[in-house]
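Residue numbering restarts at 1 for every chain, and letters A, B, ... go by the order of the sequence lines.
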Protein chains: 2
Amino acid sequence: MPKNTNTSYFSIEQELTARFSKALSNPVRIAILQLLNSQSCCFHGDMADELPIAKSTLSQHLNELKDAGLIQGNIEGPNVKYCINKENWKLAKELINKLLSD
Amino acid sequence: MPKNTNTSYFSIEQELTARFSKALSNPVRIAILQLLNSQSCCFHGDMADELPIAKSTLSQHLNELKDAGLIQGNIEGPNVKYCINKENWKLAKELINKLLSD
DNA sequence: TAATTATATTGCAATATTACGATATGTTTT
DNA sequence: AAAACATATCGTAATATTGCAATATAATTA
């Protein structure tokens, strides 16, 4: 196998739990999520001011969080306002909790 | 900066949360943790039978979980018995829950 | 002590992650 | 329309992750 081709061995739930965890696996993304969660939403620009990374790097991290389904972005004039995706946020919490309880 | 040299920007809590999440960020490791948690402990060999990966790969994943503090291994004759590290398991749960609640 | 069994480590390849600067795109303001 | 601002994407580099086979280590059995 070039990589793990065996995509069917693990359950959807296991894959999803891993996916959400991966989104949380970097301190920059933790900080982003805390910013978004403390205020209910946040503009890209405001986050860029708070975080010690280049704006292009911030965009990348925001994309990963978006791909994982944990946040969503809404264009608002020239800015983009990002918010937590409540539904998946809840799902992530449930899945990780379930794993860590069992 | 060659990489993120700014190691001091993030709090210990943010770093720890990311670290635990990273340990959970792979379906193989999710499966390992579920095996360890369903029975209270598990031998390397038994896990090797259950999982679709080479034994050397399993050893690597077990090492990562050990490095993250989520499991511990005890030598028992010719075998190694792995168990959940309850204390850090609890800490991981608290940290990730805190992040996902706030 | 030699052979066997169990686990870990090493070496290597493929791919992913993280970061940045430069450039592109899109919106507002002038 | 041009300039200014906000965000995204691209290209690239350094490092990390994931996987395997081969080899090493350590304990047990013969």
Phosphate-side-chain proximity, [X] and [N], N/O vs OP1/OP2 below 4.0 Å:
X: A/Tyr82; N: D/dA8; result: yes
X: B/Lys22; N: D/dA16; result: no
X: B/Asn79; N: D/dA27; result: no
X: B/Ser59; N: C/dA8; result: yes
X: B/His61; N: D/dG19; result: yes
X: B/Ser56; N: D/dA21; result: no
X: B/Asn26; N: D/dT18; result: yes

Q: Could you tell me whether A/Glu64 contacts a base, only the sugar-phosphate backbone, or nothing, with contacts defined as non-hydrogen atoms closer than 4.0 Å?
A: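 Since only primed, P, OP1 and OP2 atoms lie under 4.0 Å of A/Glu64, the category is sugar-phosphate.
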
Q | Among C/dT27, C/dT9, C/dT7, the one nearest B/Asn63 by side-chain distance | A |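 Minimum distance to the B/Asn63 side chain belongs to C/dT9.
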
Q. With respect to the side chain of B/Phe43, which nucleotide from C/dT7, D/dG19, C/dC20 is positioned closest?
A.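 Within the option list, the nearest is C/dT7.
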
Q. Hey, is A/Glu94 close enough to A/Lys98 for a salt bridge, meaning N to O under 4.0 Å?
A.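 Salt bridge: no.
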
Whole angstrom is fine here: how far is it from [atom1] in [X] over to [atom2] in [N]?
X: B/Leu62; N: C/dT7; atom1: CG; atom2: P; answer: 10 Å
X: B/Asp67; N: C/dA8; atom1: CG; atom2: C1'; answer: 13 Å
X: A/Ile32; N: C/dA19; atom1: CD1; atom2: C1'; answer: 13 Å

Q.
In the structure I gave you, are the side-chain heavy atoms of B/Glu64 and B/Asn26 within less than 4.5 Å of one another anywhere?
A.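 A side-chain contact under 4.5 Å is absent here.
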
Q) Heavy-atom count around B/Lys55 NZ within 6.0 Å, excluding the residue itself: above 12? A)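 Atom NZ in B/Lys55 is not crowded, with 12 or fewer foreign heavy atoms closer than 6.0 Å.
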
Q.
Both A/Ser25 and A/Glu76 contact DNA chain C. Taking the nearest nucleotide for each, which residue is further toward the 5' end?
A.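 Checking each residue's closest nucleotide, the 5'-ward one belongs to A/Ser25.
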
Q: Could you pick out which residue, A/Lys55 or A/Gly77, lies toward the 5' side of DNA chain C when each is mapped onto its nearest nucleotide?
A: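 Counting from the 5' end, the first nearest nucleotide belongs to A/Lys55.
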
Q.
For C/dA8, does the base pair up with any side-chain atom of B/Gln60 as donor and acceptor (N or O, under 3.5 Å, distance only)?
A.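 No such pair is found, so the answer is no.
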
Q. Any idea which heavy atoms bring A/Leu51 and A/Ala31 closest together, and the distance?
A.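 Closest heavy-atom pair between A/Leu51 and A/Ala31: CD2-CB, 3.8 Å.
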
